[in-house]
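Below you'll find the structure, written out as structure tokens, and then a few comments.
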Amino acid sequence: MNLGETLRTGLEAIRSHRMRSGLTVLGILIGIAAVIMTVGLGEGAQSKVSSEISSLGTNLLTVSPGSSTSSSGIRGGFGSSNTLTLQDAEALTSKEVAPDVAAVAPTTSDSEVLTAGNNNWTTTVVGSKPDWLSVRDRTVTDGRFIDNEDVTDHTDVVVLAPDTAEELFGFEDPVGQSVDIAGVPMTVIGELNSVSGSSSSSSSSSTTEDQDDEAIVPISTAADQLFGGTSRDSVQDILIEATSGSTLSAAYQEVDDELLMLHHITTPADADFTIATQQQLLSTATSVDKTLTVLLAGIAAISLLVGGIGVMNIMLVSVTERVREIGLRKALGATPKLIRRQFLVESSVLGLSGGILGAGLGIVGTQVLPGLVNQPMSLSPAATVGAIVIAMAIGLGFGVYPATRAARLAPIDALRTE
Amino acid sequence: MNSPSSSIEDTQQFDATSNLRLARPVIELEDVRKIYRSGSLSVEALRGIALSIGQGEYVAVMGPSGSGKSTLMHIIGCLDVVSTGRYRLAGEDVEVMDEEQLADVRNRRIGFVFQQFNLLPSMTAQRNVELPLVYAGVERAERRARATAALERVGMGERLEHRPGELSGGQQQKVAIARALVTDPALVLADEPTGNLDSASSADILDVFDELHRSDRTVVLITHEAEVASRAERVVRMRDGVIVTETPVAAGPGDSR
Ligand SMILES: Nc1ncnc2c1ncn2[C@@H]1O[C@H](COP(=O)(O)OP(=O)(O)OP(=O)(O)O)[C@@H](O)[C@H]1O
Ligand SMILES: [Mg+2]
């Protein structure tokens with residue numbers, strides 16, 4: 001009896017038990033579709049977060065005051081100590097000190113009330129330098145950004161992000177208009193581009209602030225007029241852009257060395273500042289989502305396993321139900337090997353068709369569901385192929401045992417079973 | 001279908017009482033016992049059977065219900081194993097055969113008609129009859145032709161596409177007989193093959209068995225009917241798992257006891 005004949009016999013058996021075969025396929029189908037969709041959901045969330053973070057610029061280093069590692073007394077809370085100064089930032093702009101640094105933007109920021117006419121709007125006001133634009137990878141869609149003269153002259157100018165501009169001026173052109181920040185009148189000189197695209201109300205919690213709602217002023221003006229504070233020279237962060245992604249670690253080293261020297265610190269572990277790369281941010285954020293993906297995949301795998309046990313159960317029932325048939329086939333000259341093969345064909349055909357249909361449903365699901373639940377989903381080819389392979393393996397694995405059991409029966413014992 | 005066995009027939013007619021010595025025995029049973037155990041209960045269905053059936057013999061087995069006829073037939077057909085004793089088929093010890101060899105014996109050498117027919121309900125009559133040929137590795141077109149021929153032989157040529165559920169008991173029995181004959185086996189074992197048939201189809205089937213006998217096939221059948229047994233050369237009577245008498249029937253059909 002050749003393989004084609006075995007296949008025919010198996011298919012005939014499947015066809016003659018339509019209901020049972022259908023239920024088996026359904027069990028696998030649901031399991032596989034669940035795996036593909038849950039993995040897709042997890043990966044979709046992951047890639048959404050990482051694309052949001054990398055939109056901030058991947059060559060970015062952020063120097064913050066305070067130590068996140070030191071156990072010595074300096075600590076005093078992350079970001080609260082005023083250990084970073086404008087002079088630090090200035091030193092890093094030197095090509096000799098830090099040849100791999102492309103741009104340096106010291107920043108200070110605070111929440112302030114902005115007033116234009118009758119409109120009030122509370123937002124984050126950032127004091128920085130012209131390099132801010134390049135470091136944050138932003139552009140100005142209207143007017144201009146603050147320049148070096150604004151910084152040296154402490155001019156009272158502000159650049160608004162699009163949502164802020166809309167809140168204050170509606171659809172009027174904000175450039176040239178005046179806005180009061182904490183009671184200080186300032187002239188709007190430009191408007192920033194929009195970052196979040198269509199989904200302006202980004203619900204992502206992983207990114208820092210809403211980049212479409214902020215106001216940028218020269219850092220000198222901010223120190224003078226707005227934030228005041230104990231030391232005019234202290235800054236909250238220094239944002240640094242490396243010349244390229246590949247020079248990021250070199251830039252990191254240069255910044256670290258220079259700041260340690262300026263701060264007269266000999267042991268790097270005692271540093272009173274912390275340098276974070278965008279990569280670190282990215283990996284923390286994605287690792288959270290990875291945990292989610294693993295969790296979801298685990299749930300899906302369990303549902304697949306349950307589906308598999310269902311298949312095994314159905315195959316076992318089918319064997320018990322069909323012992324007479326098996327006895328008869330053996331009485332007519334079927335070898336145990338052929339019986340086993342027939343059952344293997346049956347169960348793997350069921351497994352494979354469940355797998356393919358499940359993959360189809362999963363693929364359709366990943367296309368249709370994001371529109372319904374407003375969650376990004378990505379189709380993972382690895383998960384799809386893997387799921388089909390698993391389905392096949394379930395069919396085979398769970399078919400082997402019943403088939404072997406069936407093949408061992410003595411013909412007459414099998415024929416006597418009711 | 002090999003050389004007409006007129007010489008053997010002559011010999012048998014000439015010396016029917018001692019035909020055990022004449023033909024080489026295909027079936028040899030020595031002190032065969034079969035004990036069924038279920039829990040603490042045990043039933044001894046066969047209690048020491050000694051039987052020898054020669055090549056080309058036509059034997060009828062009779063006996064009351066529960067006397068062990070079917071049990072004996074299953075052992076002869078290699079569908080069941082003895083508890084103790086020996087069974088040799090064409091000189092080979094069945095006990096030492098492995099599953100592959102047994103499957104081959106069942107497939108090529110034996111045609112078995114079950115008391116309960118045992119047809120596959122999901123298949124048509126033709127597919128049911130084809131089944132032994134599937135395992136014999138016969139290709140499809142030939143299988144169909146041979147199955148059709150076998151069904152025509154038992155008068156079921158009109159019912160090729162019917163499933164067992166759509167057939168009467170007698171018709172199912174005929175399909176079961178066709179399936180046993182389709183491989184053209186040397187040994188035909190039939191457990192009450194006419195039990196469900198009217199006298200006309202019963203006679204047709206018995207003619208088929210006579211034909212098999214004439215072409216040198218070994219035929220063993222179980223029956224309750226004296227007319228059926230009268231067709232055979234020899235009648236083996238059983239009671240409570242033992243053979244009580246072995247009566248040679250005077251040769252020639254119609255000649256009862
Ligand atoms: N699987 C079994 N388990 C236990 N006992 C069995 C089994 N099969 C048969 N028997 C017993 O063995 C004895 C012989 O049974 P068998 O079927 O051989 O009888 P039989 O002569 O064919 O009867 P009938 O003419 O009614 O078909 C009976 O007493 C029966 O109860
Ligand atoms: Mg019986």
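So that the names make sense, note that chain A is the first sequence line, chain B the second, and so on, each numbered from 1. All of these numbers come straight from a predicted model, not from anything done at the bench.
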- [ ] Name the region of B/D80, side chain, backbone, both or neither, that has any atom closer than 4.5 Å to a heavy atom of chain A.
- [x] both

Open item on the list: At a 4.5 Å cut-off on heavy atoms, which part of B/Y36 comes close to chain A: side chain, backbone, both, or neither?
Closed with: side chain

Task: Which atoms of A/R8 approach chain B - backbone, side chain, both or neither, heavy atom under 4.5 Å - done: side chain

Open item on the list: Between B/S67 and B/D240, is there a side-chain heavy-atom distance shorter than 4.5 Å?
Closed with: no

Task: Minimum side-chain heavy-atom gap B/N196-B/F117 below 4.5 Å - done: yes

TODO: Select one option (side chain, backbone, both, neither) describing which atoms of B/R108 are under 4.5 Å from chain A's heavy atoms.
DONE: neither

Task: For chain A, the option from B/R127, B/E100, B/M123 that forms the most heavy-atom pairs under 4.5 Å - done: B/R127

TODO: Give the intermediate values and the outcome of side chain to side chain donor-acceptor pair (under 3.5 Å) for residues A/R329 and B/Y135.
DONE: CA-CA 9 Å; A/R329 286 180 185 275; B/Y135 294 118; 2.9 Å; yes

- [ ] Quickly, which of B/R143, B/R140, B/R146 forms a salt bridge (Lys or Arg N to Asp or Glu O under 4.0 Å) with B/E130? Name it, please.
- [x] B/R143

- [ ] Answer yes when B/R88 and B/E95 have at least one side-chain N-carboxylate O distance shorter than 4.0 Å, and no when they do not.
- [x] no

